[in-house]
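Read through the structure below, which is laid out as structure tokens, and then see the notes.
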Amino acid sequence: DVKVTQSSRYLVKRTGEKVFLECVQDMDHENMFWYRQDPGLGLRLIYFSYDVKMKEKGDIPEGYSVSREKKERFSLILESASTNQTSMYLCASSLPGQSLAEAFFGQGTRLTVV
Amino acid sequence: AQSVTQLGSHVSVSEGALVLLRCNYSSSVPPYLFWYVQYPNQGLQLLLKYTSAATLVKGINGFEAEFKKSETSFHLTKPSAHMSDAAEYFCAVRSTGANSKLTFGKGITLSVRP
């Protein structure tokens, strides 16, 4: 059974903290994604990685960075957490775009910044 | 550039009634289109996908969608709603390039009345 695992379901962090959200997939997928989900705004792409050490900015990269040192792991980093980064964060992985394959999602991490 | 429009944020139907959730896309190249469902406190699960093999696509749980190029639409339907269909539904588009992003609409919440 395919699996995308996010390290935490719930996190509470303080303003100004550096926050790491971890995502691991066991499907040997090249592509990995980080989204944030907010009511009424749907899923917005933060960053996208199409291979190890390769990344592209999504629609809302400001305040975030990512790391992909190994194929199976994609980390989202909040350099200095702010209250407006309180959200649900979803990680996904897929085969490359031309493979016709869908993305598989983790369960999400609900981050609260206080 | 690619985008997805899901009109309306909430649809309410009676149990046994037809479900119709609308999705219109914009893409400069032939797209891949997806419908995902999200149940409360869970990640996203694929319902169905269009990859140009057939314009009418059948998915899980009795859902289907029809790709209409002339209308740039990919509406989701189910002949008879069940209480368990209550969830949030997302339409998504992806282009066919190797490093293509996956772009989501804002989502529609489906409520099913007894």
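Keep in mind that the numbers below use all heavy atoms, side chains included, and drop hydrogens, waters and symmetry copies. Sequence lines set the chain letters: A, B, ... in the order given, protein chains first and strands last, and positions in each chain run from 1. The shown structure was predicted, so the numbers you read here are calculated from the model rather than taken from an experiment.
Judged as a side chain to side chain donor-acceptor pair (under 3.5 Å), and not counting sequence neighbours, the contacts of B:S84 are B:H82. Residues satisfying the side chain to side chain donor-acceptor pair (under 3.5 Å) test with B:R113, not counting sequence neighbours, are B:S12, B:S14.
At a 4.5 Å heavy-atom cutoff, the contact between A:L43 and chain B is made by backbone and side-chain atoms alike. Heavy-atom distances place no part of A:Q6 under 4.5 Å from chain B, backbone and side chain included. If you measure heavy-atom distances from B:L44 to chain A, the contacts under 4.5 Å come from both the backbone and the side chain.
Crowding of B:K106 atom NZ: a count of heavy atoms from other residues, nucleotides or ligands under 6.0 Å not exceeding 12. Annotation for A:N84: atom CG counts as buried by contact number, over 12 foreign heavy atoms lying within 6.0 Å.
Contact residues of residues 55-64 of chain B toward chain A are absent (heavy-atom distance under 4.5 Å). The stretch residues 106-114 of chain A places A:G106, A:Q107 near chain B, each with some heavy atom under 4.5 Å from a heavy atom of that chain.
The cluster map of Ile, Leu, Val, Met, Phe, Trp and Tyr, joined by side-chain heavy atoms under 4.5 Å apart, puts B:V93 and A:F104 in different clusters. Each of B:V4 and A:F33 belongs to its own hydrophobic cluster when Ile, Leu, Val, Met, Phe, Trp and Tyr are linked at side-chain heavy-atom distances under 4.5 angstrom. One hydrophobic cluster, built from ILVMFWY side chains closer than 4.5 Å, cannot hold both B:Y39 and B:F34; they sit in different ones. Each of A:F48 and A:Y64 belongs to its own hydrophobic cluster when Ile, Leu, Val, Met, Phe, Trp and Tyr are linked at side-chain heavy-atom distances under 4.5 angstrom. Note: the hydrophobic cluster containing B:L110 also contains B:L76 (ILVMFWY, side chain heavy atoms under 4.5 Å, direct or indirect links).
Here A:E102 is the residue among A:R9, A:E30, A:E102, A:M54 with the most heavy-atom pairs under 4.5 Å with chain B. With respect to chain A, the highest number of heavy-atom pairs below 4.5 Å among B:Q38, B:Q42, B:Q6 belongs to B:Q38.
Here the side chain of B:K101 pairs a donor or acceptor atom with the backbone of A:K57 at under 3.5 angstrom. Judged purely by atom type and a 3.5 angstrom limit, B:Y36 has no side-chain atom pairing as donor or acceptor with the backbone of A:F105.
When side chains are defined from C-beta on, B:L102 counts as touching A:Y35, because their heavy atoms get closer than 4.5 Å. By the 4.5 Å heavy-atom criterion applied to side chains, B:R94 and A:N31 are counted as neighbours. Side-chain contact between A:Q37 and B:F90 is present, with at least one heavy-atom pair separated by less than 4.5 Å.
Of the inter-residue distances, the one linking B:F104 atom CZ with A:L41 atom CG reads 14.5 Å to the nearest 0.5 angstrom.
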